[in-house]
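The chains referred to below are lettered A, B, ... by the order of the sequence lines, with proteins before strands, and numbering in each begins at 1.
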Amino acid sequence: MALTVNLCFTFTETQAMSKYHFNEIEKKWQQYWAENETFKAYNDSEKPKYYVLDMFPYPSGAGLHVGHPLGYIASDVYARYKRHKGFNVLHPMGYDSFGLPAEQYAIQTGQHPAQTTKVNIEGGTDKQGTEIAGYRKQLDQIGFSFDWSREVRTSDPNYYKWTQWIFIQLFESWYDTKADKARPISELVAIFSTEGNKTLDAACDEGAETFSATDWNNFSSKEQQEILLKYRLTYLAETEVNWCPELGTVLANDEVVNGVSERGGHPVVRKKMKQWSMRITAYAQRLLDGLQKIDWPQPLKDSQTNWIGRSEGATVSFKVLPNVTLGSVEGSHNIEVFTTRPDTIFGVSFMTLAPEHELVSQITTDAQKAKVEAYVEATAKRSERERMADVKNISGVFTGAYAEHPFTKEPIPIWIGDYVLAGYGTGAVMAVPCGDQRDYDFAKHFNIPIPNIFEGVDISEEANSDKENTKIANSDFLNGLSYKKATKTAIYELEKIGAGTRKINYRLRDAVFSRQRYWGEPFPVYYKDGMPQMIDEKHLPLTLPEIDEYLPTEDGQPPLGRAVNWAWDTHKNEVVSNNNVAQSAVEGSKGDNGIYPLELNTMPGWAGSSCYMFRYMDPSNDNALASQEAMQYWENVDLYLGGSEHATGHLLYSRFWVKALYDLGHLQVDEPFKKLINQGMILGESAFVNRAEYFIGGYDQVLPQTIPSSSTEDLPNFYFSSGILKEFEENHTNSSLWRIIENNPMVSDYCEKVFDPKDGGLFSIIPNRIHADVSLVNASNELDIEAFKNWRPEFKDAEFITEENGSFKVSREVEKMSKSKYNVVNPDDICSQYGADTLRMYEMFLGPLEQAKPWNTAGITGVHSFLKKLWKLYHTGAEGAFSVSDEPASKDSLKTLHKTIKKVEDDIENFSFNTSVSTFMIAVNELTAQKCTAREVLEPLLILVSPYAPHISEELWSKLGHPNSISEAPFPVFEEKHVKETNKTYPISFNGKMRFTLDLPLDMSKEEIESAVMAHEQTAHYLQGRIPKKVIVVPGKIVNIVG
RNA sequence: GCUGAAGUGGUGGAAUUGGUAGACACGCUGGACUUAAAAUCCAGUGGGCAGUAAUGUCCGUACGGGUUCAAGUCCCGUCUUCAGUACCA
């Protein structure tokens, strides 16, 4: 009895010693790294620096899913690799914690977004009682080598102090186009007061008037401020927005569907609003040029290039002909157009203005007035996106006015059309229907003449699209010229008569910087006499005020309009009650007490993320964004990882701010990210159940008329398995579905009531796909019916039409991973089931980093058993005890090791992480087969594996007797001599088809190889008596016999 | 419409410069161990045809052409999928 107990005890003890207990190991090392600050980066290291950055996450309440860590794991592998290579690595993490979801949650629950955000990061319980693990804990579980001492949160006042500071820097500067850089606004004031702006070359608003030094000095302070605002890098301007009066708020393009708000279906109109803008257009050319010197994926560079949209051409001015019905003053207008094809100027047969164009109301004749106004109004209801998506429907209205052709002096009818956008160029085009398909379609639709100005081109069916190989005709002085020459000549002639000039146009628009939201950075701005004033930077941060509800005010002001204390006292330099604001708030006026209203808008999401990479360098500095020394040492980000969806938002804005701050001397680099990699999205495999929906009207009818919901409410809730659906779709009869009806009295009763045999098939059932939670489905796509019934109340009384074997199958589809699609897989579950090392390796093993791929846990066991095999390699002692030998390794083992070193190093440098995981598997399989126990092989192997699977590597490293973390161990050095081959197995091909292989020494000459092959018995067999025409021998590669 | 990426076994994917297509892993099949299950280990696994078998043979990297001794890889055209998008004058 006693003996048995003793045996059992020994057995479990051995198990504990030899088995791979990943949970314990991972917890142990995560704690070790935290306690020893293993991954702390130092600003004063002697080592070379390397800065690896991930796009920081928005901490949503849904938590991390398996898609989030993909990029983090890849960058962590690289960061750890660089440490092994002797670099001082900066690998920080933080949170982009301002944003809409927290605000929406606040609107619903009344909980302060700061509180929600804190819980989402640090964990806790939300207002609805749901347990939230918190981002930090989830990230820690995966074993990242982040330097957490440098964490930043954009919603932290100590952080957004610097966002506000940057805003002030931009406000206090202007763009000198001649010097091609931003300069302090004080220097512009100096220029104005000595020379006016006549000779100035600066980026400014359209239509800024010219003035002399005397004019400037005579302007009032307010007039001067108004003028300066037209030059500042951030300025106030009237911008068009999607305004929803019902919701009292502005909507994004994708929140507007068919002219109404996506939520609630309220009407939306385009409305002008005074908002902050950023003069990014001043940097268009430099943003373009800068792409040359950064190592980014070409598609990403392409999309920035297209977004900036540089085009060369000319502006042409068309005089509007005086109209008899209008006074002579109203008649003297000019329409400016931008064209890339000034060579086609003689092909102009009409002009089109954007409906929003400011001249429309002034030039429209009385006869056309009603039509034009109706059209303008109709256009205002359509979103820009809608207008652009709708290519097929050509619409427009004639204004009744005519313009004069600058050369022929012929009258040209002026139309308005919504294919012309107000935001691009001048919002007006000179239409050349013979050379532009959209103009052509417009002209055909409205029966406008299409003069042909191309030599020998047929334009009866479509416009001419080949500009390079056609010569200009019917065009006076341009006749017979090529596109290039004609363009030059046309511009020359236009300039000569003062009707146009050469111009480079950019599609890029200035960026709107105001948001009518609560949960964002407040602007450090107050208004004196309606003019914006900056709060002095020494009084920053200006923190968000408390408000009672996170909604717009009744009169349509942004949420900050609800704040009771939201005025700036310029004497005390603090926020005070709104009640103290003097009526007029005009300086020096009666009752002016130096207290003025603060800005009610907040900054957009990209404000906090545009310069965060510099804050990590010196995150607790109170006196600067980061110290000069820190910035000198770290320069910019060496490797940046993130999704390609940020191509034209974050990545463009960030480059713009960095260039501006560089110009102003605050930064030492003018590009934030040297190398960038886009990780592909991990997609979810959604599961669908098919619910029966009842319709009056046949299945094939174009518009099935639904039964009013009241009458179908009583009908049973049917779900049918995907096999049943398949049968239904293949036969295209609903015989299977009729089975439901036959068997169910409720449906058949109902059916009888509405079914009219005269009409035939009036009542029908069609399937509607509904997302089911993927956790309710097993690997064979079978739904757990009971769990599904309990999942949500509406499924409680569902009836299931199963397959013949009684199972209920779902259909699968790959979609974006998202909470609303119920296809989210949580990394926490993977970590507890298989461990972080398995998760890390598996995510890398899934496929190339840049490629999008669906998440499927099916293959994870393969990676997990690899780690178990790795563990076993070090536990070959009695009863699986740890054991390595100090004996020299076999030749084969050294060869395995060194080819692994070479391959893994190459792979990491090329960010081909999936192939190195395979390489490790091969290495471990080989070493196991070789029964390798040699320390000289097993020790370097661990260093190779450690960037991918750091926990198991640390554990085995310490078992090998190392007192310190493996993270600083030098990367093994590849030695050619161990992998040198003397022989090569040559594939012998006949006419390109490999037939057999032949082992030959590598130092054989071409001729020797050829004779060896020709002498081989198999060669005769495959030649079957033919005489080879040619024998191709590539030493070390292949032999191919032709003939 | 435009721009970009991609298309390889049942599945994820590999093939670095044009040189043995399918590495590695999952799944599946068979076997060993076990009272059994799990775990582990071993073997097989692109498809067709012939053969008891060893093996032979043909086809095969979305489709149709082409270049080449040789093409998943290069060129021309087509189709499909995904992503982005702004009718950009």
Side-chain angles (χ1 to χ4, degrees), chain A residues 19 253 297-303 305-307 309-311 313 337-341 344 352 384-385 387-392 394 417-421 423-432 435-439 441-442 505-509 643-645 647-648 678 680-681 683 779 814 816 842 845-848 850-866 868-869 872 903 906-907 910 912 914-922 925 985-997 1021 1028-1034 1036-1043:
Chain A
K19 264 207 170 169
N253 275 340
Q298 196 55 41
L300 184 55
K301 287 188 183 181
D302 289 348
S303 71
T305 305
N306 294 337
W307 191 265
R310 179 192 153 108
S311 53
V337 302
F338 172 74
T339 176
T340 51
R341 298 290 307 274
T344 62
T352 316
E384 200 167 296
R385 185 173 287 189
R387 273 167 68 175
M388 290 180 294
D390 186 12
V391 197
K392 284 176 195 133
I394 296 161
D418 66 3
Y419 78 100
V420 177
L421 300 177
Y424 183 76
T426 60
V429 303
M430 58 173 226
V432 183
D436 181 290
Q437 194 57 45
R438 281 158 317 174
D439 294 343
D441 294 340
F442 195 88
N505 194 57
Y506 299 93
R507 196 213 66 94
L508 185 71
R509 297 176 212 174
S644 57
E645 66 271 23
T648 51
N678 290 128
M681 209 184 306
L683 304 164
V814 172
K816 260 189 184 173
Y842 185 58
F845 186 60
L846 270 178
E850 306 82 6
Q851 210 171 292
K853 53 229 153 201
W855 177 263
N856 187 335
T857 13
I860 203 163
T861 53
V863 171
H864 188 63
S865 52
F866 157 74
K868 286 197 271 191
K869 281 185 211 165
K872 268 193 186 165
K903 173 84 174 130
D906 287 354
D907 283 345
N910 292 315
S912 171
N914 55 324
T915 49
S916 19
V917 177
S918 306
T919 306
F920 291 136
M921 290 173 171
I922 295 167
N925 288 345
T985 309
Y986 280 92
I988 313 301
S989 302
F990 291 79
N991 296 319
K993 275 179 195 152
M994 205 281 286
R995 294 300 181 181
F996 64 96
T997 56
H1021 168 75
K1029 286 184 198 138
K1030 208 173 174 185
V1031 179
I1032 312 269
V1033 178
V1034 185
K1037 284 251 160 95
I1038 197 171
V1039 177
N1040 190 16
I1041 298 161
V1042 187

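Atom NZ in A/K993 sits roughly 14 Å away from atom C1' in B/G56 (whole-Å rounding). Rounding to whole angstrom units, NZ of residue A/K869 and P of B/C24 are separated by 11 Å. When the C1' atom of B/G1 is taken as reference, atom CG of A/D441 falls 12 Å away, rounded to whole Å. The distance between atom CG of A/N678 and atom C1' of B/C82, rounded to the nearest whole Å, is 15 Å. Between A/R438 atom CZ and B/C2 atom P the separation is 13 Å, expressed in whole Å. Rounded to whole angstrom, the span from the CD1 atom of A/I988 across to the C1' atom of B/A70 amounts to 14 Å. B/U40 atom P lies 8 Å from atom NZ of A/K872, rounded to whole Å.
In this structure, B/G12 shows a glycosidic angle more than 90 degrees from zero, which is the anti conformation.
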Annotated structure of RNA chain B as dot-bracket, pair cut-off 3.5 Å, Watson-Crick or G-U only, | for inter-strand, is (((((((..(((......[....)))((((((.......))))))(((((....)))))..(((((..]....))))))))))))....
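For A/G862 and A/V1042, each mapped to the nucleotide of RNA chain B holding its nearest heavy atom, the one lying further toward the 5' end belongs to A/G862. In terms of position on RNA chain B, the residue among A/T339 and A/T861 whose nearest nucleotide sits closer to the 5' end is A/T861.
Residue contacts for A/R995: at a heavy-atom cut-off of 4.0 Å it reaches the sugar-phosphate backbone alone, with no base atom in range. Among the atoms of the strands shown, only primed sugar atoms or phosphate atoms (P, OP1, OP2) are found under 4.0 Å from some heavy atom of A/S311.
For A/K1029, no side-chain nitrogen or oxygen approaches OP1 or OP2 of B/C69 to under 4.0 Å.
Taking atom C1' on both B/C79 and B/G65, the two are 15 Å apart, rounded to the nearest angstrom. To the nearest whole angstrom, the two P atoms, one in B/C59 and one in B/A21, are 13 Å apart.
Residues forming a side-chain contact (heavy atoms from CB on, under 4.5 Å) with A/K1030 (at least two apart in sequence, or on another chain): A/I1032, A/V1042.
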With sugar-phosphate taken as primed atoms, P, OP1 and OP2 and all else as base, the protein-contact string of nucleotides 3-22 of chain B at under 4.0 Å (heavy atoms; B, S, -) is SS-------BSS-B--BB--
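For the residue pair A/T915 / A/S912, a side-chain donor-acceptor distance below 3.5 Å is found, with atom types taken as modelled.
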